[in-house]
Every structure is written in structure tokens, then in C-alpha cells.
Asks: 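Got a structure here, written out as C-alpha cells. Questions coming.
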Amino acid sequence: APRLGPAGGGTLVNVSGTGFLARDRPTCRFGEASVPARVLSDTLAQCTAPPLHAAALDASGGSSASALPDTTGVAVAVSNNGAEFVAASAEFTFVSATPRVARLEPATVAIGHEARVRVFGRHLARAQFCRFGDVVVRAREHEADSVECAFGAAACARGAKAAVEVSLNGDDFSADRVPLACEPAPV
């Protein structure tokens, strides 16, 4: 996990299996691109997904074609020595249309109250998570260009102001820096 991330790469992917060894050259392969693996235990390794253009398969194919035009799935394989690979049980999906935040409604919420915020932007239909400061919640009420995020009362501290960002996988968040301000509730 996660099983999807931006086409630009950089997603930290956990790969489960058996027999992982930290010696030699532990490696993950995404499509045709090999990247170093970090062995955490004999059943868990971590790899950073390369950019999609590096993972793209040769002309003979081999990819499981996605039904969505802005996604590309590639097989993931793991090796203890960088030469002999074993296929992982899941593929990794690169998403070229990553979520972007343009504006928030409302842009200001009351301190001490749950904050329900509609996030508007591009490519939000698949956004699964919202982040306000360091608080991460599940996105809901998805539409093509908006999602709703509900942050609990504790998320908004006195006079706080932080960006609201969105993510496909809970790890790779947008970096649009659209601020949400917290102000005292009207009396």
C-alpha cells in the first residue's frame, strides 16, 4: 500500500511477501524501471515508485490496460539480488490527472466547531483524503471538480491558518497551499 500514486513518481510503496533479505541488492521493479528497495523485515519491503515515463512498458505491452484514460497500471516485482524478480500480488497504478485545489467554500471556519469545507479544483473525482495542517480525513461527496472535507472541532485552533490539500492515496498530497482560516465564532 498504497496501490496508486501520481505519474511523477515519488510514492513510498510497501510491498508484502516472504523471504526478503537486506543483503546484496534488494530491488523493486515497476513495469520496466528498477529502483532500490529497503527491506524492513523478511515479509515487508519499501520502494519509491519511479516516474511513469521510466516505468513505461516496451512496445510489446504487458500492462494490464486500465479502463480509465488517465491511469496506467504496471506490474510490481521484487528481487533480493537485483537480477531474479518475483511478481508482487498487486500492481501499481500511476495517475496522470492528479488532484489540484483551487478554492474552498467557506474559506474561514469557526474555532471549536466542526469544519465542513467544499474543496473545488481539478481532477477531484478520485481524491480520497483531505488534509488541513496535520489533520487527515477521508474525502466525501465526490464530484468531478469538488469534494467535501469534514474536519473535527479540534482541527481549528485559535487563529490557526493552514492549507487544505487533497490526495489520491493518503500519502502524496497536492501542494497548492490554498488556506483555510480559523476565527472565533460570531457571538
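Position 1 is the first residue of the sequence; numbering continues from there.
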Asks: Locate the shortest heavy-atom distance separating Phe30 from Val35; write the atom from each residue and the value.
Replies: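 Looking at all heavy atoms of both residues, the shortest contact is CE1-CG2, 3.8 Å.
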Asks: Verify the distance criterion only: is there a donor paired with an acceptor across the side chains of Asp172 and Thr11 at less than 3.5 Å?
Replies: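 Yes.
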Asks: Testing the basics here: between Ala37 and Cys47, what is the closest heavy-atom pair and its distance to 0.1 Å?
Replies: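 What the structure gives for the nearest pair is CB-SG, 3.8 Å.
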Asks: In the structure I gave you, are the side-chain heavy atoms of Glu165 and Arg177 within less than 4.5 Å of one another anywhere?
Replies: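 Yes, close enough: below the 4.5 Å cut-off.
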Asks: Please give me the minimum heavy-atom distance between Pro106 and Leu180, naming the atom from each residue.
Replies: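 Closest approach of Pro106 to Leu180: O-CD1, 3.6 Å.
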Asks: Between Gly5 and Phe92, what is the shortest heavy-atom contact and its length?
Replies: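 Minimum heavy-atom contact is N-CZ, 3.4 Å.
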Asks: If every non-hydrogen atom of Val136 is compared with every non-hydrogen atom of Phe129, which pair is closest and at what distance?
Replies: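 Answer, listing the atom of Val136 first, then Phe129: CG1-CD2, 4.0 Å.
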Asks: Only counting residues at least two apart or in another chain, list the ones meeting salt bridge (charged side-chain N to carboxylate O under 4.0 Å, His left out) with Arg118.
Replies: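 Residues passing salt bridge (charged side-chain N to carboxylate O under 4.0 Å, His left out) with Arg118: Glu141.
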Asks: Judged by atom type as modelled, is there a donor-acceptor pair below 3.5 Å linking the side chain of Asn169 to the main-chain atoms of Leu4?
Replies: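 Side chain of Asn169 to backbone of Leu4: a pair is present.
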Asks: Check step by step if side-chain contact (heavy atoms from CB on, under 4.5 Å) holds for Leu168 and Gln128.
Replies: CA-CA 5 Å; Leu168 298 166; Gln128 296 298 309; 5.8 Å; no
Asks: Hey, is the main chain of Leu21 close enough, under 3.5 Å, to the side chain of Asn80 for a donor-acceptor pair?
Replies: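 The answer is yes, because a donor-acceptor pair under 3.5 Å joins these two groups.
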Asks: Taking only residues at least two apart or on different chains, which pairs with a member in residues 143-153 satisfy salt bridge (charged side-chain N to carboxylate O under 4.0 Å, His left out)?
Replies: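 Counting only pairs at least two positions apart or across chains, the salt bridge (charged side-chain N to carboxylate O under 4.0 Å, His left out) contacts touching residues 143-153 are Arg116-Glu148, Arg140-Glu148.
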Asks: Less than 4.5 Å apart, side chain to side chain, heavy atoms only: is that true for Asp171 and Leu12?
Replies: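 No - every pair of side-chain heavy atoms lies 4.5 Å or more apart.
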Asks: List the steps, then state whether side-chain hydrogen bond (donor to acceptor under 3.5 Å, both in side chains) holds for Asp70 with Ser96.
Replies: CA-CA 5 Å; Asp70 63 347; Ser96 58; 5.1 Å; no
Asks: Please work out whether the ring planes of Phe132 and Phe151 are parallel, tilted or perpendicular, with thresholds of 30° and 60°.
Replies: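 Rings of Phe132 and Phe151: tilted, as their planes differ by 30° to 60°.
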Asks: Can you find a pair of side-chain heavy atoms, one from Val13 and one from Thr48, that are under 4.5 Å apart?
Replies: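 No, their side chains stay 4.5 Å or more apart.
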Asks: List the residues meeting salt bridge (charged side-chain N to carboxylate O under 4.0 Å, His left out) with Arg100, not counting sequence neighbours, and say none if there are none.
Replies: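 Residues passing salt bridge (charged side-chain N to carboxylate O under 4.0 Å, His left out) with Arg100: Asp176.
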Asks: For the atom pair OG (Ser174) and CZ (Arg122), what is the distance rounded to the nearest 0.5 Å?
Replies: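 With rounding to 0.5 Å, OG (Ser174) is 12.5 Å from CZ (Arg122).
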Asks: Using a 4.5 Å cut-off on heavy atoms from C-beta on, say whether the side chain of Val147 contacts that of Val119.
Replies: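 When only atoms from C-beta onward are counted, Val147 and Val119 do touch, with a gap below 4.5 Å.
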Asks: Mind running side-chain contact (heavy atoms from CB on, under 4.5 Å) on Thr18 and Asp42 for me, showing each step along the way?
Replies: CA-CA 6 Å; Thr18 58; Asp42 65 339; over 6 Å; no
Asks: Scan Thr98, Val101, Val178 and name whichever one has a side-chain contact (heavy atoms from CB on, under 4.5 Å) with Val166.
Replies: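 Answer after filtering Thr98, Val101, Val178: Val101.
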Asks: Out of curiosity, does Val135 fall in the hydrophobic cluster containing Phe173 (side-chain heavy atoms, cut-off under 4.5 Å, transitive links)?
Replies: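 No, separate clusters.
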Asks: If every non-hydrogen atom of Thr27 is compared with every non-hydrogen atom of Arg25, which pair is closest and at what distance?
Replies: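 Heavy atoms of Thr27 and Arg25 come nearest at OG1-O, 2.8 Å.
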Asks: Heavy atoms, side chains only, cut-off 4.5 Å: are Phe94 and Thr71 in contact?
Replies: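 No, their side chains stay 4.5 Å or more apart.
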Asks: Would you check if the side chain of His113 reaches a backbone N or O of Ile111 as a donor-acceptor pair within less than 3.5 Å?
Replies: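 Yes, His113 side chain to Ile111 backbone: donor-acceptor pair under 3.5 Å.
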Asks: Does the side-chain hydrogen bond (donor to acceptor under 3.5 Å, both in side chains) test come out yes or no for Ser79 and Glu84, once each step is laid out?
Replies: CA-CA 6 Å; Ser79 171; Glu84 300 166 309; over 6 Å; no
